[in-house]
**Q** 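One structure coming up, written as structure tokens, with questions to follow.
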2 protein chains.
Amino acid sequence: MSSDELSPSAYVVLGMLGLGASSGYEIKQMVELSIRFFWTISQAQIYPSLAQLEEAGLVVGRSEPRGRRPRRVYALTAAGEEELRLWLQQAEPMPFELRDIGLVKLFFADALEPDDARALLDAVRRRSAERAATLREIEPVANVGAEEGDIYPLLTLRMGIAFHEAMVRVLDEFAGHTLEGR
Amino acid sequence: MSSDELSPSAYVVLGMLGLGASSGYEIKQMVELSIRFFWTISQAQIYPSLAQLEEAGLVVGRSEPRGRRPRRVYALTAAGEEELRLWLQQAEPMPFELRDIGLVKLFFADALEPDDARALLDAVRRRSAERAATLREIEPVANVGAEEGDIYPLLTLRMGIAFHEAMVRVLDEFAGHTLEGR
DNA sequence: TTCTCCATGTAAGTAGTTACATGATTGG
DNA sequence: CCAATCATGTAACTACTTACATGGAGAA
């Protein structure tokens, strides 16, 4: 029972329900506000996932319209909580899948004139700097959550910040040493 | 002429040809050895890409069998070099697409017993530590390339190293401060 | 009244993967 | 002679995205 035919995105839906999201719409919002830095999910995936999870008995849904506007809210069942925990416990290969056109372009930048290469480097640098700044702005919110017992969202946020800051640092060093003597 | 209907992966093929790869097989090897950390491409994509690029006049291919084994080698045309340069110059949105089940699990780890959460954290840490070590081993090779004029591959390699090291650092700090007082 | 947000859903399409199929060459 | 590597190609499938379609609620 409760075999592993759920996609990672279905587990994300399950997890967000566990953290208090209730409608499909809310799940989408929450993903955008919390994990979009390392996971995305489109609304066209969420609703079928919810139906699939309900059929599997991992969530229960009930209609709770806002006025005349239809709305369906979901909650984890005991089986759903268990399934989520099992998935989190389960040691499985965790491929790190980065797909970054920016880094690809930078990799090939020797084919460019120095000035163009430099512009590309700056664009990549700016992107990471901006991302780090955005994430740093969210930190207070995550800190509040951490005081209420959810400490891991704060950890993943810090990882995002740290790693964009690391990119910026390397880019600056490189521009300093390697590029200046040309 | 030379409009932008090429996929990023087609540009990767073009770029690898520019760096000296010649057969589809070699392109695949080169991708695995150099950019697989931030881009992957399956062999089932490479051969059709090559055909498409040839049709567009960006590469020329000729048969160069090894013994009786068929083999087709390609080279960039002037138009292909130009197209690659144009793409590299072109400022376009560069989404940073990370898709990481490890971080997702970590994000939800508050649903686990402390020991299980800790085990998950260690698994993520180990993954980054190993990846950083692997990349550090490649560094001498990239250094050689850098002395021959290809300096940007070294930069992207350093970015990979730095960012996995940053993850390890954050994970260690977190385990130190946040987790110990419980 | 009009705009933005809340809310759900589907259809069509794209990009990519895995797995299969084939077979020659080289080195031990 | 056997395994690993070199080498090319396709078919079937999966996951996911974009765009479309619909419409109520609340605020300005």
Side-chain angles (χ1 to χ4, degrees), chain A residues 4-13 16-17 20-33 35-36 38-55 59 61-74 93 95-101 104, chain B residues 4-13 16-17 20-33 35-36 38-55 59 61-74 93 95-101 104:
Chain A
D4 58 336
E5 38 201 314
L6 293 178
S7 68
S9 284
Y11 283 108
V12 167
V13 169
M16 288 304 175
L17 252 17
S22 45
S23 66
Y25 188 84
E26 261 179 53
I27 291 169
K28 174 70 175 160
Q29 305 293 96
M30 218 161 155
V31 166
E32 291 307 306
L33 285 173
I35 64 173
R36 82 143 176 289
F38 46 89
W39 200 268
T40 60
I41 186 169
S42 74
Q43 163 254 67
Q45 253 183 302
I46 292 175
Y47 294 104
S49 274
L50 245 13
Q52 189 204 157
L53 291 169
E54 185 161 25
E55 210 182 332
V59 307
R62 64 174 194 288
S63 275
E64 204 164 87
R66 287 273 207 248
R68 231 179 308 165
R69 187 203 301 158
R71 179 161 168 269
R72 197 164 172 79
V73 297
Y74 295 87
F96 183 87
E97 286 164 47
L98 178 57
R99 207 166 175 76
D100 187 346
I101 303 177
V104 170
Chain B
D4 58 336
E5 38 200 312
L6 293 178
S7 70
S9 284
Y11 283 107
V12 167
V13 169
M16 288 304 175
L17 252 16
S22 45
S23 67
Y25 188 85
E26 259 179 55
I27 291 169
K28 173 69 174 161
Q29 306 293 97
M30 217 161 156
V31 167
E32 291 308 306
L33 287 174
I35 64 173
R36 81 141 176 292
F38 46 88
W39 200 268
T40 60
I41 186 169
S42 73
Q43 163 255 64
Q45 254 182 300
I46 292 175
Y47 294 105
S49 274
L50 246 11
Q52 190 203 157
L53 291 169
E54 186 162 24
E55 210 182 333
V59 306
R62 65 174 193 288
S63 276
E64 203 163 89
R66 288 275 207 247
R68 229 175 312 164
R69 187 202 299 156
R71 181 162 169 267
R72 198 164 173 78
V73 297
Y74 295 86
F96 183 86
E97 286 163 46
L98 178 57
R99 206 165 176 77
D100 187 347
I101 304 177
V104 169

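Numbered from 1 within each chain, the chains take letters A, B, ... in sequence-line order.
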**Q** With a 4.0 Å heavy-atom cut-off, tell me which residues in residues 23-31 of chain B come close to DNA chain D, sorted by residue number.
**A**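 Residues of residues 23-31 of chain B under 4.0 Å from DNA chain D: B/S23, B/G24, B/Y25, B/Q29.
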**Q** Only counting residues at least two apart or in another chain, list the ones meeting side-chain hydrogen bond (donor to acceptor under 3.5 Å, both in side chains) with A/R72.
**A**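 Checked A/R72 against side-chain hydrogen bond (donor to acceptor under 3.5 Å, both in side chains); matches are A/E54, A/Y74.
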**Q** Please report the distance, rounded to the nearest Å, between CG in B/L6 and C1' in C/dA15.
**A**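 Computing the B/L6:CG to C/dA15:C1' distance gives 15 Å.
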**Q** Whole angstroms only, please: what is the CD1-P distance between B/I41 and C/dT17?
**A**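 My rounded result for the distance is 8 Å.
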**Q** Can you sort out the partners of A/R68 under side chain to side chain contact (heavy atoms under 4.5 Å, CB included), two or more places apart, ordered by chain and number?
**A**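 Side chain to side chain contact (heavy atoms under 4.5 Å, CB included) list for A/R68, sorted by chain: empty.
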**Q** Rounded to the Å, how far apart are A/W39 CH2 and D/dC16 P?
**A**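 Interatomic distance, CH2 of A/W39 to P of D/dC16: 6 Å.
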**Q** List in chain and number order the residues that pass side-chain hydrogen bond (donor to acceptor under 3.5 Å, both in side chains) with B/Q52, two or more places apart in sequence or in another chain; answer none if no residue qualifies.
**A**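 So B/Q52 forms no side-chain hydrogen bond (donor to acceptor under 3.5 Å, both in side chains) with any residue.
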**Q** Does any residue of residues 61-69 of chain B have a heavy atom under 4.0 Å from DNA chain C, and if so, which ones, in number order?
**A**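 Correct list: B/R66, B/G67, B/R68, B/R69.
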**Q** Heavy atoms only: give me the nearest A/V13-A/L53 pair and the separation to one decimal.
**A**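 Between these two residues, the closest heavy atoms are CG1-CD1, 3.7 Å.
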**Q** Quick one: side chain to side chain contact (heavy atoms under 4.5 Å, CB included) partners of B/Y25, sequence neighbours excluded?
**A**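 If we apply the side chain to side chain contact (heavy atoms under 4.5 Å, CB included) test to B/Y25, skipping adjacent residues, the hits are B/S23, B/Q29, B/Y47.
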**Q** Does D/dT17 have its OP1 or OP2 closer than 4.0 Å to a side-chain nitrogen or oxygen of A/T40?
**A**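 Answer yes for this pair, as a side-chain N or O of A/T40 is under 4.0 Å from OP1 or OP2.
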**Q** At less than 4.0 Å, is any side-chain N or O atom of B/S42 found next to OP1 or OP2 of C/dT17? Yes or no.
**A**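 Result: yes.
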**Q** In whole angstroms, how far is the P atom of D/dG9 from the CG atom of B/L50?
**A**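 In whole Å, D/dG9 P and B/L50 CG are 8 Å from each other.
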**Q** What is the distance, rounded to the nearest whole Å, between atom CZ of B/R72 and atom C1' of C/dG23?
**A**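 So the CZ-C1' distance, B/R72 to C/dG23, works out to 19 Å.
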**Q** Which pair of heavy atoms, one from B/L50 and one from B/V59, lies closest together, and at what distance?
**A**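 Minimum heavy-atom separation between B/L50 and B/V59: O-CG2, 4.0 Å.
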**Q** Using whole Å, what does the distance between atom C1' of nucleotide C/dT17 and atom CZ of A/R99 come to?
**A**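 My rounded result for the distance is 11 Å.
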**Q** Measure across A/Q45 and A/S9 and return the closest heavy-atom pair with its distance rounded to 0.1 Å.
**A**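 So the two residues come closest at NE2-OG, 3.4 Å.
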**Q** What integer distance in Å separates A/R71:CZ from C/dG9:P?
**A**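 For the pair A/R71 CZ and C/dG9 P, the rounded distance is 13 Å.
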**Q** Testing the basics here: between A/V73 and A/E64, what is the closest heavy-atom pair and its distance to 0.1 Å?
**A**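 Residues A/V73 and A/E64, closest heavy atoms: CG2-CB, 4.0 Å.
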**Q** Residues two or more places apart in sequence or in another chain: which of them pass side-chain hydrogen bond (donor to acceptor under 3.5 Å, both in side chains) with B/Q43?
**A**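 Applying side-chain hydrogen bond (donor to acceptor under 3.5 Å, both in side chains) to B/Q43 gives none.
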**Q** Whole-Å distance between C/dT8 P and A/Y74 OH?
**A**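 The distance from OH of A/Y74 to P of C/dT8 comes to 7 Å, rounded to the nearest Å.
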**Q** Considering non-hydrogen atoms only, spot the tightest contact between B/A21 and B/M30 and give its length.
**A**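 For B/A21 and B/M30, the tightest heavy-atom pair comes out as CB-SD, 3.5 Å.
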**Q** Looking only at heavy atoms, what is the nearest atom pair of A/L17 and A/S22, with distance?
**A**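 Smallest interatomic distance, heavy atoms only, reads CD1-O, 3.9 Å.
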**Q** Just to verify, what does A/P8 make a side chain to side chain contact (heavy atoms under 4.5 Å, CB included) with, not counting sequence neighbours?
**A**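 A/W39, B/I101.
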**Q** For A/E97, what residues pass the side-chain hydrogen bond (donor to acceptor under 3.5 Å, both in side chains) criterion, not counting sequence neighbours?
**A**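 A/E97 satisfies side-chain hydrogen bond (donor to acceptor under 3.5 Å, both in side chains) with no other residue.
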**Q** At how many degrees, to 10°, do the end axes of the helix from C/dT1-D/dA28 to C/dG28-D/dC1 meet when each uses five pairs?
**A**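 Here the helix ends are tilted 30° relative to one another.
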**Q** Could you work out, with side chain to side chain contact (heavy atoms under 4.5 Å, CB included) as the rule, every residue matching A/T40, not counting sequence neighbours?
**A**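 Partners of A/T40 under the side chain to side chain contact (heavy atoms under 4.5 Å, CB included) test: B/R99.
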**Q** Between the protein and nucleotides 10-14 of chain D, which nitrogen or oxygen pairs come in under 3.5 angstrom?
**A**
none

